Asker: 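Following this message is one structure expressed as structure tokens.
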There are 2 protein chains.
Amino acid sequence: MNQQIRIAIAEDHQLMRQGIVSLLSEEEDFDIVFDVGDGAQLLEQIKTNPVDIVLLDLDMPIVNGQQALKVITEKYSSTHAIIISMFYSDDFITESISTGARGFLPKNSDIENVVDAIRAVYSQGYYFDDKISLDLLNKLISNKNVQPKFKDEILTEKEIEVLLHICEGKTNKEISVILDKSQRTVENTRMKICEKSNSKNTAGLVIYAIKNQFYKIK
Amino acid sequence: MNQQIRIAIAEDHQLMRQGIVSLLSEEEDFDIVFDVGDGAQLLEQIKTNPVDIVLLDLDMPIVNGQQALKVITEKYSSTHAIIISMFYSDDFITESISTGARGFLPKNSDIENVVDAIRAVYSQGYYFDDKISLDLLNKLISNKNVQPKFKDEILTEKEIEVLLHICEGKTNKEISVILDKSQRTVENTRMKICEKSNSKNTAGLVIYAIKNQFYKIK
DNA sequence: AAGACTGTAGGTATAAATACCTACTTTAAA
DNA sequence: TTTAAAGTAGGTATTTATACCTACAGTCTT
């Protein structure tokens, strides 16, 4: 038998994870080494169980996908990550690629896409879906180091705290009372988040918070 | 062999759907009759392919889960629906139950939960997860016809249109220009949506729009 | 034909958010 | 230890959103 492709799956929705495991198990040259429900478990498992491919869900709790991806590309150069994400925006893709992902799959992919992606990344080192815009591909090719824009756009603890209260529908004044800070401080923080998230009002902030998994819809 | 349980699956994420099919196929007494990606296909298929159980994703495009659920409980009394949803709020559950769902599963359920739910609904007619609050169960038991509150809280076409623009970050003035209506009209519509959705500001509106699948995060 | 609802829009007011400043303190990194 | 950033908060102004009214024309249902 040929050498098997060693695979790990990190995905927080159990049903989805079990489903993917079940489907991929049918491929004879695939060896599902382990599957986990969050980024922290992934980093723990990968220490002792080397794999070739990690299928990585971007929206995971505890240690999120981005952070896990960063650690993996830095520490485990022989492991290549393929991102699975609910969202399919250019921002997400470019961010993932620049952090070291070798492939990107939307969650409405077919299992065949996943199988193709795994084989492609294993043999060629990368995989991109048909649906990825030519625009984006050109951007990625022409400009290896895609915008470090995201570097300084990471929200601080305080900003995240304020953002969550905004998502809960609280006004600046209400937030200032809760955090025991001046209303002006909260206003400034709010504007700072607007800048960083490139949004121009409350609606934009809420969408940003949800897209980036700061705020989880219950 | 005993009689098989005939099952249909309606879920818009292909990977999830294929995964569930693969996992359920391992149960010998389960007969997966068909699986579809939206509510319209479900209603089409079910005309000619009777099933005992429908696993129904609430967040589907074209004809959404709620509408499909309504038709099924009205027209196909021998078919029982089990809801699978990303969201686990009491509102969603009570709404689903009052529309005729016989069980409710969050998307982070285990496949064992799904199998249990199918068997339970098939033999006992209903299934509720451990995680469903006692509070809610009591509400459901004590008060069969749970709030018809939702009845008159359905958004009109105009309201949905305005809501989407709000989610896009547009101001009332901008929306009024786009729709060629008075700014006051848009303001009034906005307030009406606030009432219906029981939210008190823009943040609440956006969350409501996302939860209820009016606005899809791209 | 009466009633209910939707869509339309005006009046008036207050509350909240947004925009663009300055400035000081603390903390962390170079 | 200088530099950079974050956290703090004040001034001032404009724009937006929210709140609570009234009113009328069109549509659909009873």
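All of these numbers come straight from a predicted model, not from anything done at the bench. A, B, ... follow the sequence lines: proteins, then strands. Residue 1 opens every chain.
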Asker: Filter on salt bridge (charged side-chain N to carboxylate O under 4.0 Å, His left out), then keep only pairs touching residues 118-127 of chain A, sequence neighbours left out; what's left?
Answerer: E27(A)-R119(A), D29(A)-R119(A)

Asker: With a 3.5 Å cut-off and heavy atoms only, can you find an N or O donor on one side and an acceptor on the other between the side chain of N188(A) and the base of dA9(D)?
Answerer: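 Such a pair is found, so the answer is yes.
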
Asker: Students often get this wrong, so: under 4.0 angstrom with heavy atoms, is T156(A) touching a base, only sugar-phosphate, or nothing?
Answerer: sugar-phosphate

Asker: For the pair made of CG in N201(A) and P in dT18(C), what is the distance, rounded to whole Å?
Answerer: 6 Å

Asker: Can you tell me how far C1' of dA9(C) sits from CE of M191(B), to the nearest Å?
Answerer: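 To the nearest whole Å, that distance equals 12 Å.
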
Asker: Check whether any side-chain heavy atom of Y215(B) lies under 4.5 Å from a side-chain heavy atom of L163(B), and answer yes or no.
Answerer: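 Answer no - side chains too far apart.
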
Asker: R184(A) side chain: which of dT18(D), dG10(C), dG11(D) is closest?
Answerer: dG11(D)

Asker: Considering only residues two or more places apart or on different chains, which pairs with a residue in residues 69-81 of chain A satisfy salt bridge (charged side-chain N to carboxylate O under 4.0 Å, His left out)?
Answerer: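 Every candidate salt bridge (charged side-chain N to carboxylate O under 4.0 Å, His left out) pair involving residues 69-81 of chain A fails, so no pair, neighbours aside, qualifies.
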
Asker: Could you list the residues that satisfy side-chain contact (heavy atoms from CB on, under 4.5 Å) with E44(B), not counting sequence neighbours?
Answerer: K47(B)

Asker: Between I118(A), V114(A), I7(A), which is the residue that forms a side-chain contact (heavy atoms from CB on, under 4.5 Å) with I82(A)?
Answerer: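 That would be I118(A); it is the only one of I118(A), V114(A), I7(A) passing the side-chain contact (heavy atoms from CB on, under 4.5 Å) with I82(A).
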
Asker: Please check if the side chain of R17(B) supplies one atom and the backbone of E11(B) the other of a donor-acceptor pair under 3.5 Å.
Answerer: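 Side chain of R17(B) to backbone of E11(B), a donor-acceptor pair under 3.5 Å: yes, one is there.
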
Asker: Starting at atom CD of E195(B), determine the distance to atom P of dT6(C), rounded to an integer number of angstrom.
Answerer: 11 Å

Asker: Could you work out how much the helix from dA1(C)-dT30(D) to dA30(C)-dT1(D) bends, comparing the axis of its first five pairs with that of its last five, to 10°?
Answerer: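 Comparing the axis at each end, I get an angle of 60°.
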
Asker: Quick check on dT8(C): is either OP1 or OP2 less than 4.0 Å from any side-chain nitrogen or oxygen of T185(B)?
Answerer: no

Asker: Whole Å only: how far is the NZ atom of K192(B) from the C1' atom of dT8(C)?
Answerer: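 After rounding, the reported distance stands at 14 Å.
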
Asker: Looking at T79(A), D52(A), D31(A), which hits side-chain hydrogen bond (donor to acceptor under 3.5 Å, both in side chains) with R6(A)?
Answerer: D52(A)

Asker: Tell me, please, which residues at least two apart from T73(B) pass side-chain contact (heavy atoms from CB on, under 4.5 Å).
Answerer: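 T73(B) satisfies side-chain contact (heavy atoms from CB on, under 4.5 Å) with L69(B) only.
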
Asker: Contact list please: residues 161-183 of chain A against DNA chain D, heavy atoms, distance less than 4.0 Å, in numerical order.
Answerer: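 Those residues are K181(A), S182(A).
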
Asker: With the side chain of R190(B) defined as its heavy atoms from C-beta on, choose the nearest nucleotide among dT12(D), dG7(C), dT18(D).
Answerer: dT18(D)

Asker: Is there side-chain contact between Y76(A) and I46(A), with at least one heavy-atom pair below 4.5 Å?
Answerer: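 Yes, close enough: below the 4.5 Å cut-off.
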
Asker: Side chains of R190(A) and T202(A): is there a donor and an acceptor less than 3.5 Å apart?
Answerer: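 Checked: R190(A)/T202(A) side chains pair up, N/O donor to acceptor below 3.5 Å.
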
Asker: Going by the rule side-chain contact (heavy atoms from CB on, under 4.5 Å), which residues pair with I84(A) if we only count those two or more places apart in sequence or in a different chain?
Answerer: I20(A), L55(A), K107(A)

Asker: For E187(A), which residues count as a side-chain hydrogen bond (donor to acceptor under 3.5 Å, both in side chains) partner, sequence neighbours excluded?
Answerer: Q183(A), R184(A)

Asker: Can you measure I160(B) atom CD1 to dG7(C) atom P for me and round it to whole angstrom units?
Answerer: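 Answer to the nearest Å: 10 Å.
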
Asker: Treat primed atoms plus P, OP1 and OP2 as sugar-phosphate and everything else as base, then score nucleotides 24-30 of chain D 5' to 3': B for base contact with protein heavy atoms under 4.0 Å, S for sugar-phosphate contact only, - for none.
Answerer: -------

Asker: Check every strand shown and say whether T189(A) touches a base, only sugar-phosphate, or nothing at a heavy-atom separation below 4.0 Å.
Answerer: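 The answer is nothing, as T189(A) stays clear of every strand by at least 4.0 Å.
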
Asker: Which is more 5' along DNA chain C, the nucleotide nearest E187(B) or the one nearest E159(B)? Just name the residue.
Answerer: E159(B)

Asker: Whole-Å distance between dC5(C) P and E157(B) CD?
Answerer: 19 Å

Asker: Please identify each residue that fulfils side-chain contact (heavy atoms from CB on, under 4.5 Å) with Q18(B), with sequence neighbours left out.
Answerer: L23(A), D110(A), I111(A), Q14(B)

Asker: My understanding is that only residues two or more places apart in sequence, or in another chain, count here; which of them pass salt bridge (Lys or Arg N to Asp or Glu O under 4.0 Å) with K181(A)?
Answerer: none

Asker: Identify the pairs formed between an N or O of the protein and an N or O of nucleotides 26-30 of chain C at a distance under 3.5 Å, and give each distance.
Answerer:
none

